[in-house]
**Q** 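One structure follows; several queries about it will come next.
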Amino acid sequence: MTGRPGSTVRVGVLGCGEIARYAHLRLLGRMPGVALVAAADPDPEARRRAEAMGVPVHATAEELLEREDLDAVVICAPTGVHADLARAAARTGRHFFVEKPLATTLEDARSVEAEARRAGVRAAVGFNRRFHPLCRQARDLLARGTIGRVRTVVTASCEPAAPGRTTSWRGSRASGGGVLLDLASHHLDLLRWFLDDEVVEVSASLSSDEAEDDSARLELTMEGGAKVHGAFSFRGGYADFLEFIGEEGSLRVDRHRPALDLRRRRRRGYGIRRGWIVPTPDVVNWRTTRVFRRVREPSYGRSLRAFVERVRGRPSGPLATLADGVRNVEIVVAAETSAREGRPVSIAPPAED
């Protein structure tokens, strides 16, 4: 399998659903240094739509993984089969990029990590928002102490699903559904990454309206002392933000706004004022070109390019590792335990390598 810098990386895609057609197939098909050789999906309609994009499609993952012209696979199938497909890829010696979350159970997540280590393959988890220009700038501002020590974080991710139109696998926790795995997992990863810190305690409540576990509230404690208050729902109106409240101000990152929001104490008198943030060149470029792009979310392509660089043995920036994926599932499972048992659940910080 390729590991030579500059060599073409031959990639297959496992799963041809909506997100694959919107982002992965389109982006990989025109990415320099990448050959999109084929895809696979058991659903005939999904195969037909992928074939309409000019991609050869197999009916099973096994058929795709039997190909000799394949270095790596991108897994964007339903969550419930992530772990099985990742292990299958590793056993055939293929590097793999698996969409978040890594698995539905902690046991499966750890087994994927162990299988990849035994096989010696390079892998990544698709927490793509680490690559968004605004997220990159926000993390730098936090690291520089722009708002001082972060004491509190308020976070929410809500994406309303029309009644009766929820994808079947998303309606059941056993198949990988539920708001914690589907929505909260992004923010749980971003919290660790933004703050360079670990979640050590979780309190949670869950409710089910139209589907199992389709709303959740989380109270998290970070190892560094920050408290996190989170709300996640498939029933609430659109919301997707993290607001960091520090000793010297607040910083809000909102997926639905093209700018960061910085607030600081007034120089004179009581109250707060808006702080001026000079956008980075990367943010400026994203703002001016996004309306012309077929895939307007830039972090998908950037995370896939970083994975290709990892396959080549090059630095891959903030690309999430399998260890990040395991930790994410561990936090989700702790939240579910807390909701079920009605008590806070402690999580030991991960052991240092």
Side-chain angles (χ1 to χ4, degrees), residues 1-4 7-17 19-20 23-25 27-29 31 33-42 50 55 57-58 60-105 107-128 130-131 176 185 189 300-314 316-329:
M1 299 302 149
T2 186
R4 295 175 288 107
S7 60
T8 297
V9 178
R10 302 166 299 178
V11 179
V13 174
L14 296 173
C16 300
I19 189 61
H24 303 75
L25 293 172
L27 292 166
L28 291 167
M31 190 173 292
V34 171
L36 176 57
V37 298
D41 197 296
V55 182
V57 186
H58 297 278
T60 67
E62 290 77 14
E63 290 177 7
L64 179 63
L65 292 172
E66 287 172 357
R67 294 180 67 119
E68 295 184 358
D69 59 341
L70 190 66
D71 300 310
V73 293
V74 172
I75 300 167
C76 29
T79 297
V81 296
H82 282 184
D84 287 341
L85 294 176
R87 286 188 293 253
R91 284 193 293 268
T92 61
R94 272 45 181 256
H95 311 292
F96 63 88
F97 176 104
V98 56
E99 268 302 336
K100 64 82 193 169
L102 177 57
T104 60
T105 70
E107 180 183 13
D108 272 343
R110 287 170 173 163
S111 74
V112 170
E113 186 180 31
E115 191 74 55
R117 188 183 303 113
R118 281 193 295 269
V121 299
R122 295 166 183 155
V125 182
F127 288 114
N128 55 288
R130 294 181 177 204
F131 288 87
S185 59
D189 177 74
Y300 285 120
R302 294 177 182 210
S303 60
L304 289 171
R305 281 196 294 273
F307 170 63
V308 170
E309 293 306 295
R310 179 169 290 179
V311 169
R312 290 188 174 124
R314 292 174 174 172
S316 53
L319 191 64
T321 65
L322 292 182
D324 291 319
V326 171
R327 184 64 175 180
N328 193 270
V329 175

**Q** Under the rule for side-chain hydrogen bond (donor to acceptor under 3.5 Å, both in side chains), what residues qualify as partners of Arg302, not counting sequence neighbours?
**A** Asp282

**Q** How close do Thr79 and Pro101 get, heavy atom to heavy atom, and via which atoms?
**A** CG2-CG, 3.5 Å

**Q** For a quick test of reading the model, state the closest non-hydrogen atom pair linking Ala90 to Ala119 and the distance between them.
**A** O-CB, 3.2 Å

**Q** Output all residues satisfying ring-ring contact (aromatic ring centres under 6.0 Å, His included) with Phe97, sequence neighbours left out; order by chain, then residue number.
**A** Phe307

**Q** Nearest 0.5 angstrom please: Arg87 CZ to Arg118 CZ, how far?
**A** 10.0 Å

**Q** What heavy-atom pair brings Gly176 and Thr104 nearest, and what distance separates the two atoms?
**A** CA-CG2, 3.6 Å

**Q** Looking at side-chain heavy atoms only, is the closest gap between Leu28 and Val34 below 4.5 Å?
**A** yes

**Q** Mind checking the CZ-CG spacing from Arg130 to Asp189? Nearest 0.5 Å is all I need.
**A** 4.0 Å

**Q** The criterion is side-chain hydrogen bond (donor to acceptor under 3.5 Å, both in side chains); which residues satisfy it with Arg67, sequence neighbours excluded?
**A** His58, Asp69

**Q** With rounding to the nearest 0.5 angstrom, report the CZ to CG distance, Arg10 to Asp71.
**A** 4.0 Å

**Q** Mind checking the CG-CG spacing from Asp108 to Asp84? Nearest 0.5 Å is all I need.
**A** 6.5 Å

**Q** Which pair of non-hydrogen atoms, one from Thr60 and one from Ala40, has the smallest distance, and what is that distance?
**A** O-CB, 3.5 Å

**Q** Check whether any side-chain heavy atom of Arg94 sits under 4.5 Å from a side-chain heavy atom of Leu64, and report yes or no.
**A** no

**Q** Kindly indicate whether the side chain of Leu14, heavy atoms from C-beta on, has any atom under 4.5 Å from the side chain of Phe96.
**A** no

**Q** Hey, does Val125 have a side-chain heavy atom less than 4.5 Å from the side chain of Leu322?
**A** yes

**Q** Check whether any side-chain N or O of Arg122 sits under 3.5 Å from a backbone N or O of His95 as a donor-acceptor pair, and report yes or no.
**A** no

**Q** So, using side-chain hydrogen bond (donor to acceptor under 3.5 Å, both in side chains) as the criterion, who are the partners of Asn328 when residues are at least two apart?
**A** none

**Q** Could you check whether any side-chain heavy atom of Ile19 comes within less than 4.5 Å of a side-chain heavy atom of Glu99, counting everything from C-beta outward?
**A** no

**Q** How close do Ala86 and Val112 get, counting heavy atoms only, and between which atoms?
**A** CB-CG1, 3.8 Å

**Q** Under a 4.5 Å cut-off applied to non-hydrogen side-chain atoms, are Glu309 and Arg305 in contact?
**A** no

**Q** Should the pair Arg110-Glu113 be classified as a salt bridge under the 4.0 Å nitrogen-to-oxygen rule?
**A** no

**Q** Do His82 side-chain atoms and Val98 backbone N/O form a donor-acceptor pair below 3.5 Å?
**A** no

**Q** Quick one: pull up OG in Ser303 and CZ in Phe127 and give me the separation to the nearest 0.5 Å.
**A** 11.5 Å

**Q** How long is the span from the NE2 atom in His24 to the CG atom in Leu36, to the nearest 0.5 Å?
**A** 12.0 Å

**Q** May I ask you to check whether over 12 heavy atoms, not counting those of Glu63, lie within 6.0 Å of atom CD?
**A** yes

**Q** Please find the pair of heavy atoms, one from Leu319 and one from Ala124, that lie closest to each other, and give the distance.
**A** CD2-CB, 3.4 Å

**Q** Once side-chain contact (heavy atoms from CB on, under 4.5 Å) is applied, do any residues pair with Val81, and if so which ones, sequence neighbours excluded?
**A** Ala77, Pro78, Leu85

**Q** Quick one: side-chain hydrogen bond (donor to acceptor under 3.5 Å, both in side chains) partners of Ser316, sequence neighbours excluded?
**A** Arg310

